[in-house]
Amino acid sequence: QVQLVESGGGSAQSGGSLTLSCAASGITKTATCMSWFRQAPGKKREGVASIDNDDNIVYADSVKGRFTISQDNAKNTVYLQMNSLKDEDTAMYYCAAGEWSGPWPPPPTTLHVRFPHWGQGTQVTVSS
């Protein structure tokens with residue numbers, strides 16, 4: 001059984017930093033990438049960053065240069081280091097395991113197919 005548990009969310013000031021963690025268990029070889037998504041109230045879930053089994057990394061344009069995704073295979077954990085936070089980064093952040101090799105971010109309509117495993121989410125709130 002696949003389980004993804006996010007942690008590290010919270011409140012931060014604009015310009016501040018937070019680091020999210022996603023501890024994974026039960027991941028099979030069919031999941032070739034680990035990704036972070038976020039969803040703000042009233043908005044669709046959007047892809048933030050993704051890292052695959054070969055450490056290929058992609059980012060959404062809105063976070064390039066500010067966020068860094070990484071993984072520790074020994075700990076089965078994926079991280080999202082978020083720097084220079086902006087108010088618009090406020091959202092629920094989700095970790096997901098799946099398979100994606102196309103342009104990033106993936107269309108919201110594909111998420112339930114390409115990413116069958118999701119964590120419960122961790123809230124990030126950025127204030128000025």
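Atom set for the values below is all heavy atoms of this structure, side chains included, hydrogens, waters and symmetry mates excluded.
The nearest pair of heavy atoms linking Ala24 to Ile27 is CB-CG1, 3.8 Å. Considering every non-hydrogen atom in both Gly121 and Glu6, the closest pair reads N-OE1, 2.9 Å. In this structure, Leu4 and Cys95 approach most closely via the heavy-atom pair CD1-O, 3.7 Å. Scanning both residues, Asp87 and Ser127, for their nearest heavy atoms gives OD1-C, 3.6 Å. Residues Ser17 and Ser84 come closest through the heavy atom pair OG-N, 4.4 Å. Closest of all the heavy-atom pairs between Thr109 and His112 is O-CE1, 3.1 Å.
The shortest side-chain heavy-atom distance between Met82 and Tyr93 falls under the 4.5 Å cut-off. Under the 4.5 Å side-chain criterion, counting only non-hydrogen atoms from C-beta, Leu20 is in contact with Trp36. The closest side-chain heavy-atom distance from Arg38 to Glu46 is below 4.5 Å. Looking at heavy atoms from C-beta onward, Val126 lies out of side-chain contact with Lys86 at the 4.5 angstrom threshold. Counting only heavy atoms from C-beta outward, the side chains of Tyr79 and Thr68 never approach each other to under 4.5 Å.
Expressed to the nearest 0.5 Å, how far OG of Ser50 lies from CD of Glu99 amounts to 11.0 Å. Here the straight-line distance linking atom CD1 of Ile57 with atom CZ of Phe67 works out to 14.5 Å at 0.5 Å rounding. The line from CD of Gln71 to CG of Leu80 is 13.0 Å long, rounded to the nearest 0.5 Å. Separation of atoms CD1 (Ile69) and CG (Asp55) is listed at 10.0 Å; rounding is to 0.5 Å. Of the inter-residue distances, the one linking Leu18 atom CG with Gln81 atom CD reads 8.5 Å to the nearest 0.5 angstrom. Rounding to the nearest 0.5 Å gives a distance of 10.5 Å between CG of Asn56 and SG of Cys33.
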Discussion item. Assess the residue pair Lys64 and Asp61 against the criterion (salt bridge (Lys or Arg N to Asp or Glu O under 4.0 Å)); give the C-alpha distance rounded to whole Å, side-chain angles, the decisive distance to 0.1 Å, and a yes or no.
Written reply: CA-CA 5 Å; Lys64 280 181 182 176; Asp61 288 344; 3.1 Å; yes
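No side-chain donor-acceptor contact under 3.5 Å links Asp72 and Thr77.
Val58 shares a hydrophobic cluster with Phe37, Met92, Tyr94, Trp100, Trp104, Leu111, Phe115, Trp118; the chain of contacts runs through ILVMFWY side chains whose heavy atoms sit under 4.5 Å apart.
For Lys44, the side chain to side chain contact (heavy atoms under 4.5 Å, CB included) partners at least two apart in sequence or on another chain are Pro108.
Between the side chain of Ser14 and the main chain of Ser128, no donor-acceptor pair closer than 3.5 Å is present.
Counting heavy atoms of neighbouring residues, nucleotides and ligands inside a 6.0 Å radius, atom CD of Gln120 does not exceed 12 of them.
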